[in-house]
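Counting starts at 1 for both ligands and their atoms, following the listed order.
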Amino acid sequence: MNFDFDTFPDRRPTSSTKWNRHAGRDVIPMWVADMDFRCAPAIVDALRRRVEHGIFGYTDPPAELAPAVCEALVRDYGWTADPEWIVWLPSLVVGLNVVSRALADADEEVLTALPIYPPFLSAPRNAQRLLRTVDLVQSADGRRWEWDWDALERAVTPRTRLLLLCHPHNPTGRAWTRDELERLAGFANRHGLLVASDEIHCGLLLEPGRTHVPFASLDADVTARTVTLMSASKTFNLPTLGCAFAIASDAAMRTRIRRAMAGIVHHVGGLGYTATLAAYREGQSWQRALVEYLRGNRDLVEAGIAALPGLKTWHVEATYLAWIDARELELPDPVAHFEAAGVGLYDGAQFGAPGFLRLNFACPRPLLREALARIRTAVHR
Ligand SMILES: Cc1ncc(COP(=O)(O)O)c(C=O)c1O
């Protein structure tokens with residue numbers, strides 16, 4: 001089946017967060033992480049059927065949903081999880097905030113690595129837990145971002161309790177290898193840390209032949225100390241439908257998560273369940289076509305940025321996000337500079353990395369080409 005990723009309907013009449021930001025200006029929005037693609041037809045059909053029913057009363061998770069998620073985890077990653085392990089959440093950011101409260105006590109510390117998707121920084125702060133950070137480093141050949149194992153060891157204190165892991169990694173586009181994950185697991189084990197692994201981008205591995213390895217799938221001990229946070233929303237472009245989930249094999253951990261949510265976190269909306277079920281059951285062919293399209297976009301971005309003086313980017317193994325180092329250009333305000341040329345990028349400062357920019361390339365290729373031409377103009381300005 002052919003899917004159209006080259007055209008998309010005008011998003012401005014839908015109060016799109018992405019397109020609202022530069023309303024009234026000729027700026028191509030490439031900041032927040034959603035896609036300028038219509039989602040899989042199977043999902044639209046399922047939603048249409050549900051909308052036509054016309055009654056939108058309180059809705060439980062459909063009985064077949066958790067088993068469908070688990071079937072997809074086996075099918076896609078060879079990971080066997082029990083449907084009982086799933087706790088439904090209205091968003092993954094909610095999940096990051098909930099685990100920061102639930103899995104570290106008030107006097108315990110949370111650890112993560114920079115640069116990082118901003119809610120990893122705000123969630124521990126919101127929970128009034130001390131956050132320690134280490135910097136990811138560039139490999140010796142400068143081609144990819146890696147863990148600084150010594151810095152990680154140095155950052156641990158007797159109070160460190162929770163490691164917030166982003167896998168695949170937003171914003172560097174790394175899909176951590178099994179070796180790296182095993183080393184992280186050994187580190188967590190040695191220091192008695194729990195791990196919350198945000199795997200929202202797991203369906204967007206762009207490297208042919210590579211498969212996402214869920215952190216919790218490494219072995220039984222890792223499964224027991226990990227909460228995996230997932231959602232169909234990134235891969236299938238459903239963030240406004242508000243459905244995500246935590247997977248925790250440890251019943252006590254699930255109880256702590258549910259307690260932290262009680263009375264505060266709203267249940268998932270029925271349309272979110274409908275879309276998630278259709279995504280995991282019927283979304284595969286669309287997802288394959290999407291990944292192929294994104295791979296083409298990624299190659300364009302990497303070649304386009306490599307050709308420009310003063311900018312550097314890295315190979316994007318997963319996600320539709322390119323991480324760009326603009327420090328050599330010595331711009332007082334990099335975001336404003338590129339916006340003035342008609343491209344809206346995300347400010348690296350919010351990821352803990354001033355002077356960097358994040359570019360979302362999940363858009364039709366003609367729009368991407370235009371954006372890259374504008375970036376070229378901005379660099380030479
Ligand atoms: C790593 C990561 N986690 C969480 C989210 C947001 O998830 P949600 O919209 O379900 O809160 C994003 C969105 O870009 C993300 O990149």
**Asked** Out of His201, Arg358, Lys234, whose heavy atom sits nearest atom 14 (O) of ligand 1?
**Response**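 Result: the heavy atom closest to atom 14 (O) of ligand 1 is in Lys234.
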**Complete:** Here the atoms of ligand 1 under 4.0 Å from any heavy atom belonging to Ala33 are 14 (O)
**Asked** Just by distance, with hydrogens left out, do Trp19 and Asp36 show a side-chain donor and acceptor under 3.5 Å apart?
**Response** yes
How far is [atom] from its nearest protein heavy atom, and which residue and atom is that?
atom	value
atom 1 (C) of ligand 1	Asp198 OD2, 3.2 Å
atom 9 (O) of ligand 1	Pro239 CB, 4.4 Å
atom 6 (C) of ligand 1	Tyr117 OH, 3.2 Å

**Message:** Tell me the contacting part of Ser231 for ligand 1: side chain, backbone, both, or neither, using a 4.0 Å heavy-atom threshold, strictly below.
**Reply:**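 No part of Ser231 comes within reach of ligand 1.
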**Prompt:** What part of Cys166, side chain from CB on, backbone N/CA/C/O, both or neither, has a heavy atom under 4.0 Å from ligand 1?
**Reply:**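 Cys166 to ligand 1: side-chain contact only, backbone stays beyond 4.0 Å.
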Ionic contact status for [Y] with [X], cut-off 4.0 Å:
X	Y	value
Glu52	Arg48	no
Asp107	Arg161	no
Glu180	Arg174	yes

**Request:** Would you please test His169 and Glu317 for side chain to side chain donor-acceptor pair (under 3.5 Å) and show each step?
**Result:** CA-CA 9 Å; His169 189 256; Glu317 297 169 338; over 6 Å; no
**Request:** Is it possible for you to check whether Arg365 lies under 6.0 Å from the centre of the six-membered ring of Tyr293, through NZ or CZ, and within 45° of that ring's axis?
**Result:** yes
**Request:** Cation-pi check, Arg21 to Trp31: give yes when NZ or CZ is under 6.0 Å from the six-membered ring centre and within 45° of the ring axis, no otherwise.
**Result:**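 Yes, Arg21 lies over the aromatic ring of Trp31.
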Test of proximity, [X] against ligand 1: N or O pairs below 3.5 Å:
X	result
Phe120	no
Ser233	no
Leu92	yes

